[in-house]
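Report on the structure given below.
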Amino acid sequence: MSICRRETMSHGHSHGPCSEHAHEHKDPERGTMFSLYTKIHIDRVECLNEVREGSGKEVFKPWENRLDIDKFVESDGDEELLFNIPFTGNVKLKGIVVIGGEDDTHPAAMKLYKNRPHMTFDEARLQPDQEFEMQPDRTGDIDYNVKVAKFNSVYHLSVYFPRNFGADTTKVFYIGLRGEFTQVQRDGIVITAYETQANPADHKTNLMDNVSHEVR
């Protein structure tokens, strides 16, 4: 399991297990890293076992709204929640943040599946592409690092929470996705490619070399 926890030092850098070059990001900047929610086919998102229909879609929201406790999803009758998340293009997934519920309602485990649309709970018993043992996170400090080589060209992501820390039901307030997005036409021609990151200028040259034109 690979986890990045942001730890602020007096000089503004972060010293943790993620990377020797990791930096502490202020909220507005870090929020740009988790903007893949804008590339989700939100009307097609499925959340299995939610108490209130449609509530699962509400956890995909802007970083600055991640602490909004009015919008959340709660499981119905047991601990399990399963999200089916279709994207509007291809994603290279790099990380995921999950803000869970209070006390023991926070998810305790997470399993990720690549490109398996309309997954069911029966299918979620299959071997995941990656899985994590989770820690309670109420503010979005923990970034679970995804195996990028395995999560290339993701057009659909399934996120399965099989259990929590002992409560009858599971609550999730926010799911943030970090990575690169590529918009493709139906014939497969790339028309936009960019990375959601804190400082786009760092990769300006690469972007200009590889992008035909920008789609807003």
Side-chain angles (χ1 to χ4, degrees), residues 31-63 65-66 68 71-76 79-101 106-132 134 137 140 142-164 170-184 186 192-197:
T32 65
M33 299 173 65
F34 292 92
S35 62
L36 282 179
Y37 74 94
T38 63
K39 307 304 179 184
I40 294 173
H41 262 307
I42 198 66
D43 292 337
R44 301 181 186 177
V45 169
E46 300 170 343
C47 182
L48 278 61
N49 199 37
E50 58 186 359
V51 169
R52 180 170 58 85
E53 184 176 355
S55 57
K57 300 175 182 180
E58 297 179 346
V59 305
F60 302 99
K61 50 193 172 185
W63 172 259
N65 296 338
R66 69 193 184 282
D68 179 3
K71 294 183 178 181
F72 65 94
V73 61
E74 183 175 6
S75 61
D76 187 8
E79 303 172 66
E80 295 180 279
L81 282 172
L82 174 60
F83 292 84
N84 285 314
I85 308 162
F87 295 102
T88 58
N90 288 335
V91 166
K92 179 188 290 185
L93 189 64
K94 297 183 176 182
I96 182 168
V97 165
V98 177
I99 296 179
H106 194 291
M110 174 172 60
K111 299 183 179 184
L112 304 181
Y113 302 83
K114 169 187 174 181
N115 298 341
R116 302 187 190 184
H118 308 293
M119 272 194 69
T120 65
F121 283 115
D122 287 340
E123 293 172 309
R125 306 294 186 253
L126 300 174
Q127 181 68 27
D129 293 298
Q130 192 170 355
E131 59 184 319
F132 302 89
M134 303 180 70
D137 184 6
I142 300 175
D143 187 346
Y144 296 92
N145 292 321
V146 172
K147 297 175 181 177
V148 177
K150 182 166 287 188
F151 286 87
N152 263 318
S153 300
V154 180
Y155 60 83
H156 185 282
L157 179 69
S158 295
V159 181
Y160 174 44
F161 300 111
R163 54 186 169 85
N164 57 34
T170 296
K171 287 184 181 180
V172 174
F173 288 88
Y174 173 80
I175 296 177
L177 303 173
R178 173 171 58 84
E180 299 176 18
F181 175 81
T182 300
Q183 180 69 53
V184 294
R186 290 185 178 181
T192 303
Y194 67 89
E195 178 179 1
T196 56
Q197 57 180 325

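Numbers here simply count residues along the sequence, with the first being 1.
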Please assess N65 against K71 for the test side-chain contact (heavy atoms from CB on, under 4.5 Å), listing each intermediate value before the final yes or no. CA-CA 10 Å; N65 296 338; K71 294 183 178 181; over 6 Å; no
For Y37 and L177, what are the C-alpha separation, side-chain angles and deciding distance, and is it a side-chain contact (heavy atoms from CB on, under 4.5 Å)? CA-CA 7 Å; Y37 74 94; L177 303 173; over 6 Å; no
In Å, rounded to the nearest 0.5 Å, how long is the span from OG of S158 to CZ of R116? 8.0 Å
Is there a side-chain contact between L93 and K114, using heavy atoms and a 4.5 Å cut-off? no
For the residue pair F60 and I85, what are the closest heavy atoms and their distance? CZ-CD1, 3.5 Å
Less than 4.5 Å apart, side chain to side chain, heavy atoms only: is that true for F34 and R66? no
For N49 and E79: C-alpha separation, side-chain torsions, deciding distance, then whether side-chain contact (heavy atoms from CB on, under 4.5 Å) applies. CA-CA 9 Å; N49 199 37; E79 303 172 66; over 6 Å; no
What distance separates L82 CG from H118 NE2, expressed to the nearest 0.5 Å? 12.0 Å
Is the closest side-chain heavy-atom distance between T38 and F181 below 4.5 Å? no
Are E58 and V73 close enough that some pair of their side-chain heavy atoms sits under 4.5 Å apart? no
Do you know which two heavy atoms are closest between A109 and P162, and how far apart they sit? O-CD, 3.3 Å
Could you measure the distance from the CD1 atom of I40 to the NZ atom of K57? Nearest 0.5 Å is fine. 11.5 Å
Nearest heavy-atom approach of V159 to F161 is CG1-CZ, 3.6 Å
Take V59 and I175 through the side-chain contact (heavy atoms from CB on, under 4.5 Å) test and state the conclusion after the steps. CA-CA 6 Å; V59 305; I175 296 177; 4.1 Å; yes
Worked check of salt bridge (charged side-chain N to carboxylate O under 4.0 Å, His left out) between R163 and E131: CA-CA 13 Å; R163 54 186 169 85; E131 59 184 319; over 6 Å; no
Output yes when a side-chain donor or acceptor of R178 lies under 3.5 Å from a complementary backbone atom of K94, and no otherwise. yes
Is there a donor-acceptor pair closer than 3.5 Å between any side-chain N or O of K61 and the backbone N or O of D68? yes
Indicate yes or no: at least one non-hydrogen side-chain atom of Y144 is less than 4.5 angstrom from one of Q130. no
With a 4.5 Å cut-off on side-chain heavy atoms, are C47 and L81 touching? yes
Using atom types as modelled and distance alone, determine if a side-chain donor or acceptor of S75 lies under 3.5 Å from a backbone N or O of T170. yes
Heavy-atom closest pair (H41 atom, F87 atom, distance to 0.1 Å) is CD2-O, 3.6 Å
State, to 0.1 Å, how close L48 and M119 come at their nearest heavy-atom pair, and which atoms those are. CD2-O, 3.7 Å
From NE2 (H156) to CD (E46), nearest 0.5 Å: 6.5 Å
Might you point out which heavy atoms bring L126 and Y113 nearest each other, and give the distance in Å? O-OH, 3.2 Å
Measuring from atom OG1 of T32 to atom CH2 of W63, what distance do you get when rounded to the nearest 0.5 angstrom? 10.5 Å
Using the ring of Y160 (Phe, Tyr or Trp, six-membered ring only), decide whether K111 places NZ or CZ under 6.0 Å from its centre and within 45 degrees of its axis. no
Rounded to the nearest 0.5 Å, how far does CD1 of I42 lie from OG1 of T88? 11.0 Å
Give the ring-plane orientation class for F72 versus F173, where under 30° counts as parallel, over 60° as perpendicular and anything between as tilted. tilted
Between N115 (side chain only) and S153 (backbone N and O only), is there a donor and an acceptor less than 3.5 Å apart? yes
